[in-house]
Amino acid sequence: MSLLSKGTDAGAVWVDDRLGSSNFVRRSLNKVFPDHWSFMLGEIALFTFIILLLTGTYLSFFYTPSLTEVVYDGSYVPLKGVTMSQAYASTLDISFDVRGGLIMRQIHHWAALLFMASIVVHLMRVYFTGAFRKPRELNWIIGVALLVLGIAEGFAGYSLPDDLLSGTGARIAYSIALSIPVVGTWTAFLVFGGEYPGVAILDRLYSAHILLLPGLILGLITFHMMMIWYQKHTQFAGPGRTEDNVVGSRLFPTYAAKAGGFFMLVFAVLAALGGLAQINPIWLYGPYDASQVSAGSQPDWYVGFLDGSTRLMPNWEIAGFGYTVPLNVMIPTVVLPGILFTLLALYPFLEARFTGDRDYHNLLDRPRDVPVRTAIGAMSITFYLVLMIAGGNDVIASVFHLDIISMSWVLRVSLFVLPPVAYFVTKRACLALQRSDDELVHHGIESGTIRRLPNGEFVEETVPLPAVYRIALTGVESDRPQLEGATAHGEEGKPKGPGYGDQHVVEGAPERVPGFFRAKRRSGPSDTSAPRPEAAMPELERSGKPAPPEQ
Amino acid sequence: MTTRRTSEQGTSVQKTALRRRKRASSYGVVLMALAALGAVYAVLLAPQSLAQEQEQEQQEPANQSMQVEEGRQLYLNGCSTCHGLDLQGGAGGPSLIGVGASAVVFQVESGRMPLHAGVQQAPRKKPRYSIEEIDALAAYIQANGGGPQLPEGDLTDGDLQLGGALFRTNCASCHNFAGSGGALTYGKYAPELTPASARVVYSAMQHGPESMPRYSDAQLTEEEKKAITRYVRFLAESGDVGGADLGRYGPISEGLVVWVVGITALVGLTLWIGARS
Ligand code: HEM
């Protein structure tokens, strides 16, 4: 037994002596988390959120959420003597007169951008590996809620300094609310406490930004983590890894040490950005003034796709009965995100319905093995990217000296043409990759040794693929006799339907021998036919090196 | 408008007015002295300076005509193919009669003129002429038709705070909040302002090149133009608070950096950690 795990035991005994919970503590510390680089992407989001809370707390000591007018008298000379809101003046003070204020502001803002980016990357990992499948659909929905809350949180923060950009943002939010038929005016007045800009909005944004939204996010993250705890993390196929076990490192000490180190790395990257790269230079934007607007007024990147959809939308309106419904605002900023986020949240159910797959899945898919899903993902990313580019069309046009009007037309066409192209290209690529995998599995690796046959023919010798790789590629442990020869597609309980039948590699072999396998199967917590997982899983969890396959 | 003029600026205005009044009265004194007391008294009073001023008064027209002549030569060599031998314009370029010295300073000092044929919007280039030559060209064109001229003295002698507010109201909509430039329709663009000298900034406002509006002295007074010029130069010269400025394009470049630097670095690190376990 290593020194460290001796320490663990001692710690567990210490806690046990006081709390009498040895079983739980020991079980928790011995919990196993699978190793794969892509499982750390969610951690980036988690760690940046912690950094956001810490830096945000510091900023809240000095920020004043008030639109009361004051005359600025701080160190930034070009604004000295200018009348501005207290909110803007206090943000200038944080930037120029509070010790450590500017770097905290910059780390906070970079962390906000990184938080959203890491959520998106994490979402893509979960999507492309099929980690959202039963039984993890609920955690996927929580994830989508976190994504939406993150956007709202970022938008509220962006509006707080009351500089030219944030004021422009709030004004756009107001007109978006107004554009909704019937309830629009009412909603806008409710949110803003009257006509724009009003005096209430900043207070409200501030409470939302430092209390309501972070509270909700924190609560949902906790729930997200508890679900992972309870359902166990998924893993990729590999030697000894089955639908019923978890192979990885123990939570303590290996995983904890790794995660702690990774937190430091995330913090280091953010500190470097905050210290070396200027972000949101509000002193250049100037105080908010309704008569001013700057070229290249843009939202932060995670709202950019909505800005883009607005820029691409033709200028349509419906008028009648004394009302005007501004479709040019409502469709791109209310209807479109409504549809997109609903589809995203429902995706696990849509896919299950389409494929008829109602099985539990604790082993992940390799993206190439599910060409249709991967292609849908690529299609969606392409659609999103076109919208993002459209959101920055004026800056792009100005940097590359393009004509902004023809650019808009190219983007409008691209929005409908490129996603299907991405779909077909990705699907082809997946199938080609499957074929080359098959090659490897069936013919082995080219050894480079050329042999001459008696008849004069030259052949290259191949070496069989090492078991580790073969299992990773096929998901099948061929040393289990009962699995041999299982090569069929689209068997019972397997993905069916268009595209999913394209899965080329052997998968889902267990169904070949249902009697034997099902008997041992413990797929997930809500499978009532199986023993309670918390009781049963610990023995199955393994640590360290891949264990020999279960008997 | 959230800005008030500060007392600092008020005093600077008073100072210039005072300076002008001083200069005018000293001429008067000198003339009176000349008329009343003659050369001897004058020599006794201030021998050197008076002699110099006399000399200057005689030389100024001569100097000016020399400058105009030099400008004419430069014009005939470099500009007349497009703008016509008598500034009347032609197939290659518009008439320059009445455009004023300020337009010439803008176009030539920013390197836009002489034009390379066939561009939609004359781009900024390295200027072809020296400041003296530019002034000569300007004097020549000013002498033939008049038009707006740059004021004398320090063009950045304005109030920085006022300049900032006026810049955000009048210029930021095209040139962006920090003068980084922006796109206009049909492939046209408002250029970045960092490379523009004070003379070019001031003359741009008087001249209104391409789709930029012309700001007459009624729209923006001389002091206001000087204030804006000072702010534009401040933006170009001020160091960057808080690190590299990422081109001052606003949230677009920030988003790009988060993806290209931030996420890429961290995903690289996860790969590195993943490979080590
Ligand atoms: C505040 C934002 C979020 C945080 C802090 C967060 C954090 C995490 C962490 C640390 C994990 C475990 C490690 C990993 O698999 O990467 C995880 C897993 C997971 N996340 Fe998130 N996440 C967030 C948003 C999302 C979003 C937007 C989605 C999808 C829409 C999502 C869906 C999931 C799912 C389904 C799992 C289980 C993955 C598995 O077991 O393979 N999460 N999350």
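Excluded from the calculations below are hydrogen atoms, water molecules and symmetry mates; all remaining heavy atoms, backbone and side chain alike, are included. Order of the sequence lines fixes the chain letters, A, B, ..., with proteins taken first and strands second; residue numbering starts at 1 for each chain.
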**Asked** Which one of A/Ala397, A/Gly286, A/Ser406 has the most heavy-atom pairs closer than 4.5 Å to chain B?
**Response** A/Gly286

**Message:** Ignoring hydrogens, what is the shortest heavy-atom contact between B/Gly242 and A/Leu102? Give both atom names and the distance.
**Reply:** CA-CD2, 3.6 Å

**Request:** Could you walk me through whether A/Trp110 and B/Val257 pass side-chain contact (heavy atoms from CB on, under 4.5 Å), step by step?
**Result:** CA-CA 9 Å; A/Trp110 281 119; B/Val257 166; 3.7 Å; yes

**Request:** Decide yes or no for B/Val241 and A/Phe96: does some side-chain heavy atom of the first lie under 4.5 Å from some side-chain heavy atom of the second?
**Result:** yes

**Prompt:** Do you know which of B/Leu256, B/Leu235, B/Leu266, B/Val261 has the most heavy-atom pairs under 4.5 Å to chain A?
**Reply:** B/Leu266

**Message:** Walk me through whether A/Lys80 and B/Leu160 qualify under side-chain contact (heavy atoms from CB on, under 4.5 Å).
**Reply:** CA-CA 9 Å; A/Lys80 229 183 165 94; B/Leu160 190 58; over 6 Å; no

**Message:** I'd like to check B/Pro251 versus A/Leu165 (side-chain heavy atoms, cut-off strictly below 4.5 Å). Are they in contact?
**Reply:** yes

**Request:** List the steps and the verdict of side-chain contact (heavy atoms from CB on, under 4.5 Å) for A/Val121 and B/Trp259.
**Result:** CA-CA 10 Å; A/Val121 175; B/Trp259 281 94; 3.6 Å; yes

**Request:** Look up atom CH2 in A/Trp301 and atom CD1 in B/Ile252, then write down how far apart they are to the nearest 0.5 Å.
**Result:** 12.5 Å

**Request:** Using modelled atom types only, decide if a donor and an acceptor are shared between the side chain of A/Gln298 and the backbone of B/Gly250 within a distance under 3.5 Å.
**Result:** no

**Message:** Looking at chain B, which one of A/Ala117, A/Pro299, A/Ser297 has the largest number of heavy-atom pairs inside 4.5 Å, strictly under?
**Reply:** A/Ala117

**Heavy-atom contact with chain B under 4.5 Å, split by part of A/Leu402** = backbone

**Asked** Which heavy atom in A/Leu284 sits nearest to a heavy atom in B/Ala178, and how many Å separate them?
**Response** CD1-CB, 4.1 Å

**Message:** According to side-chain hydrogen bond (donor to acceptor under 3.5 Å, both in side chains), does anything in residues 245-258 of chain B pair up with another residue at least two apart or in another chain? List the pairs.
**Reply:** B/Asp240-B/Arg248

**Request:** For B/Arg124, look at atom CZ and say whether over 12 heavy atoms of other residues, nucleotides or ligands are found less than 6.0 Å away.
**Result:** yes

**Item:** Side chain / backbone / both / neither for B/Phe167 at chain A, heavy atoms under 4.5 Å
**Value:** neither

**Message:** Using the ring centroid of each side chain, check whether A/Trp37 and B/Trp272 are separated by less than 6.0 Å.
**Reply:** no

**Fill in**
Applying a strict 4.5 Å limit to non-hydrogen atoms, the region of B/Leu246 in contact with chain A is side chain

**Nearest-0.5 Å distance that lies between atom CE in A/Met116 and atom CD1 in B/Ile263** = 11.0 Å

**Request:** Return the minimal non-hydrogen interatomic distance between A/Leu79 and B/Arg168, and the atom names on each side.
**Result:** CD2-NH2, 3.6 Å

**Nearest-0.5 Å distance, CH2 of residue A/Trp283 to CZ of residue B/Phe177** = 10.0 Å

**Request:** Spell out the residues in residues 266-282 of chain A that have some non-hydrogen atom less than 4.5 Å away from a non-hydrogen atom of chain B, in order of number; otherwise answer 'none'.
**Result:** A/Val266, A/Val269, A/Leu273, A/Gly274, A/Gly275, A/Leu276, A/Ala277, A/Gln278, A/Ile279, A/Asn280, A/Pro281

**Complete:** Of A/Asp394, A/Val77, A/Leu113, the largest count of non-hydrogen pairs under 4.5 angstrom with chain B goes to A/Leu113

**Fill in**
In this structure, NZ of A/Lys258 is separated from CD1 of B/Ile273 (nearest 0.5 Å) by 7.5 Å

**Request:** Tell me, for A/Tyr76 versus chain B, whether the close heavy atoms (under 4.5 Å) come from the side chain, the backbone, both or neither.
**Result:** side chain

